[in-house]
Structure formats: structure tokens, C-alpha cells
Amino acid sequence: MPSNSILIVDDTPNNIRLLFDVLDNAGFDISVVRNGETALEKLHYIQPDLILLDVMMPGIDGFETCRRIKSNTETRDIPIIFMTALADTEHKVSGLQLGAIDYITKPIQVEEVLARVNLHLNLRNAQIQVQQEAIERKQTEIELRQALVSMQQMQAQLVQSEKMSALGNLVAGIAHEINNPLGFLNGSIRNATENVADLFEHIKLYQQECSEPKDTITEHAEDIDLDYLNEDLPQMFEAMQKATNRIQSISDSLRTFSRGDTQCKVKADLHQGIDSTILILKYRLKANEKRPAIEIITNYGDLPKAQCFPGQLNQVFMNLLANAIDALEESNKELSYKEIEANPNKIIVNTFIEENFIKISIADNGKGISEEVKGKIFNHLFTTKAVGKGTGLGLSIARQIIVEKHNGNLEVNSEIDRGTEFIISIPI
Ligand SMILES: Nc1ncnc2c1ncn2[C@@H]1O[C@H](COP(=O)(O)OP(=O)(O)OP(=O)(O)O)[C@@H](O)[C@H]1O
Ligand SMILES: [Mg+2]
């Protein structure tokens, strides 16, 4: 431990000499100044562990010097011992009232000086140690609290990504199971269309060759409306074919959405990802008794395939679109069906290229975000939604995926009651 330092403030050469000898011999670092002003100046650049301060000095006296030292936050904790004449009780009291810790009477007694100086330096060192320990304890407490928060965040994120991957597996499983019966249906409808066409061809031949059919046959043909069937059945088969094609494209979209994420980036069509996400959210867009359907408008630019983690980007599209729907529903709460119809709910997705970045903008005309909330929306676990409705993870995960995994950017523009736009930028 370095030796303690002491500042002596005194104008009497004999005193200075005596004090210097005693304290220097005892191993302390000594500095000496001859008046209050110089002492105050010196304290700008040295921080002694103790000050021995004479009361009677030319210029500002010891009391004023003491008052100024105690009123400066930088120096007020340095213990001060006054040096005053034996009989001077009034001085002693004034000094202690000003914040001095002790006094030494003049003429100076060597043992007394050493004893008091040692006592107060020990006290001071103990005090500093306690303060240091308190600071360290506080620091440990802060670190512990931070560790707890980041553990909670990690846990919440784990739950979220487990949910996403469980959803992904479920969706992929369903899409897979749908595929076999769908293949069968597709083939059967194609065959049945040809077979039915053959049958009608055959009936036509009969009609041509047997121009005088029995009554039972004519009546039955009327009962089943044979002419109508002839016209309608092919159309019905065509519609069935269209419906199975539609199921096929839904199943393809589900598989696109849930594609297991690769270890490294792959080239993917982002429009496919957006379309499949919209499809999965379709049930939330439909009209209900409180509002007409939410319209999604996609204006797709001519984008190259992006080098990316497609499953993770789908998760971002999902979070942004789900937030847009939430914001629209929130703003609808105060409006009647008619008012909503007059200014319909819209989500507009634009994609384009700008300065070597693929940009995807997702904008809604929902309730917007206030300036105060805007600063917090990307924070982990920040949500304005009711308990059970929002966890406050969507945007922080989205930002992490875009910024950290894709070296991109996620920005927000919003105006209260007008709407919100999120812009994803990914380098090409
Ligand atoms: N399109 C938007 N319009 C208005 N406010 C939004 C929009 N998107 C996000 N916000 C605000 O940002 C907050 C944080 O969004 P974030 O997606 O991170 O969490 P959340 O939607 O509340 O919950 P979670 O997504 O975890 O279910 C929301 O609670 C909401 O206040
Ligand atoms: Mg969200």
C-alpha cells in the first residue's frame, strides 16, 4: 500500500520544520504550503489523505480555507486537523463546526501529533475501504440484475423460436400429408373428365343410332335432365380441377413458409416467402361482423433472388404483418363498420431495389406509433398490447434477424392515426 500523504498548511517556519521532521520520519509523504490560497490551488492537482491546517495565517485564515475545502465536492472528504493555541476553546469549537475532524494544540507535542494523525488516517483508510466495498457490492448487484434480465430475455426468445419451429413442423407435416391424397384427386379428376366425356360421346352415338327410344328411356332422360348434365358435368370437373390446383398452391406455400432453415444462406425468392406468409395470415384478414376484410396490396418489383435464411425472413414478414393487422384492429375499435368502410383497412407491401439493397416496405393505415413509443418498439419485451396478446418480442427478433443475420437494416416511419411503415433493407 502506498504511504499516506499529508498536506501541511502553516506560515510559521518552526512549526513547519518540526511537523515535517516528525511526519517524514514516520514515513508519510509530506507537502507544505504557507497560506490558505496556495493550499486551495494545490488541491486542484493533489489529493492528500489528510490536511494539517493552521488557524491563524495571513490572507484567508484557516476557518475560511476549511469552509472552502468542505464546500468543494472534490475535496470535502479529506479529513482536516486544525492546529490552534492551547487556550483557544472557541477556535476549537468553530473548527469542528466547520467540518474539521480534530484539533492539535500548540505548542506542538510530537507524540500527540503522531497519535492523532495515525488515528485519523486509519479511520480514513477504513472508511475508503468500506466505500470501495459498497461500490463493488453495487456493481455485483448490477451485474447480477443484468444477468437475470438477459436470462429472461433468452428464455422468452427460446420459447418464441421453439413456438416458431413447432409451428413450422406442424405446417410442414400438414402440407406433406395433404400432398398424397391431393395427387390422387388431381389424377382422378383428370381421368374422370375424360371418362365422362367418353360416356357422353357414347350416349350421343346411341341417340343417333336409336332414334326411337322406348318411353322409359326418354322419361328417365328427362328426369335426370340429361341435356343439362351434358353441359354442366364438364364445367363441374373443370371447377374441381381448379379447386385442387388451389389446394396444391396453398400446400406449396405452406411448405415454402415452413422450410427448415439451412445452416448457410441460400438463394431464395422473397416474393414467395411474402405470399406464403400472407396466406398463413389470411384467416385474420377476412371480414367479420365488426369490419370488412383487410385488403393486402402487393406491388412487387423485379427482385433478384436473395442470399438469405428464408425461414428466418418469413418469420420477419410474419411479425411485421401480424403487427400491422393488430394496429388496424386497434384503430378499428373506435370506429363503426360504416366509418371503416369509408376508409378501408389496408396493408401495402412494396418491394424494390435501391442502391444495392433489396427493400421491402410493409405499410398499414392503422393507429400509428407515438414518438415516445417509437423509441422503444425494438426493445426486448416491450409491448403496448394486453397481457397474453403481445410478448414484445416480434420486432426485436425481426431486427436481430435483419441486422445481425443479414447485415441489413430495419427502419420505421410512423404517424399517429395515419399509419406505420416498416422498411427492410437487405444487401444484394
Ligand atoms: N404496425 C404497427 N403499428 C402500430 N404500432 C406498432 C406496429 N408494429 C409494432 N408496434 C408497436 O410496437 C410494439 C412492439 O412490437 P413487437 O412486435 O415487438 O411486440 P408485440 O407485437 O407487442 O408482441 P409480440 O410480437 O411479441 O406478440 C407493439 O406492442 C406496438 O405498440
Ligand atoms: Mg408483434
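Side-chain atoms are counted along with the backbone in the values below, which use heavy atoms only and exclude waters and symmetry mates. For ligands, and for the atoms within them, numbers begin at 1 and follow the listed sequence.
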Would you check the N or O atoms of Lys367, main chain and side chain alike, for any that come under 3.5 Å of an N or O of ligand 1? no

If I apply the N/O under 3.5 Å rule, does Leu393 come out as touching ligand 1? yes

Just need the protein heavy atom nearest to [atom], so name the residue and atom and give the distance.
| atom | result |
| --- | --- |
| atom 10 (N) of ligand 1 | Ile369 CD1, 4.0 Å |
| atom 26 (O) of ligand 1 | Thr391 OG1, 2.5 Å |
| atom 19 (O) of ligand 1 | Gly392 CA, 3.2 Å |
| atom 11 (C) of ligand 1 | Ile377 CG2, 3.7 Å |
| atom 14 (C) of ligand 1 | Phe382 O, 3.4 Å |
| atom 31 (O) of ligand 1 | Thr384 OG1, 2.5 Å |
| atom 18 (O) of ligand 1 | Leu395 N, 2.8 Å |
| atom 25 (O) of ligand 1 | Gly394 N, 3.3 Å |

So if I count the atoms of ligand 1 from 1 in the order they appear, which ones are less than 4.0 Å from some heavy atom of Ala327? 2 (C), 3 (N), 4 (C)

Go through ligand 1 atom by atom and flag the ones less than 4.0 Å from a non-hydrogen atom of Gly368.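 In order of number, 4 (C).
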
Identity of the nearest option to atom 9 (C) of ligand 1, non-hydrogen atoms only, from Asn323, Asn319, Leu381, Asp326: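 Shortest heavy-atom distance from atom 9 (C) of ligand 1: Asn323.
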
Apply the side-chain contact (heavy atoms from CB on, under 4.5 Å) test between Ile294 and each candidate in Ile340, Asp364, Leu328; give the one that qualifies. Leu328

May I ask you to check if any N/O/S atom from Asn319 comes under 2.8 Å of the Mg ion (ligand 2)? no

Does a donor on one side chain and an acceptor on the other come within less than 3.5 Å for [X] and [Y]?
| X | Y | value |
| --- | --- | --- |
| Lys359 | Asn409 | no |
| Glu339 | Ser336 | yes |
| Asn345 | Asn365 | no |
| Asn191 | Ser188 | no |
| Tyr300 | Asp275 | yes |
| Asn186 | Gln241 | yes |

So is Arg68 actually on top of Phe63's ring, under 6.0 Å and inside 45° of the axis?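 Cation-pi check for Arg68 and Phe63: fails.
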
For residues Lys405 and Gln312, report the shortest heavy-atom separation together with the two atoms involved.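 It is CG-OE1, 3.5 Å.
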
Shortest non-hydrogen pair, Pro48 vs Ile78, comes out as O-CG2, 3.4 Å

Would Lys385 count as a contact residue for ligand 1, given that I'm defining contact as a non-hydrogen atom of the residue lying under 4.0 Å from a ligand atom? yes

Region of Phe422 engaging ligand 1 - heavy atom pairs below 4.0 Å: side chain

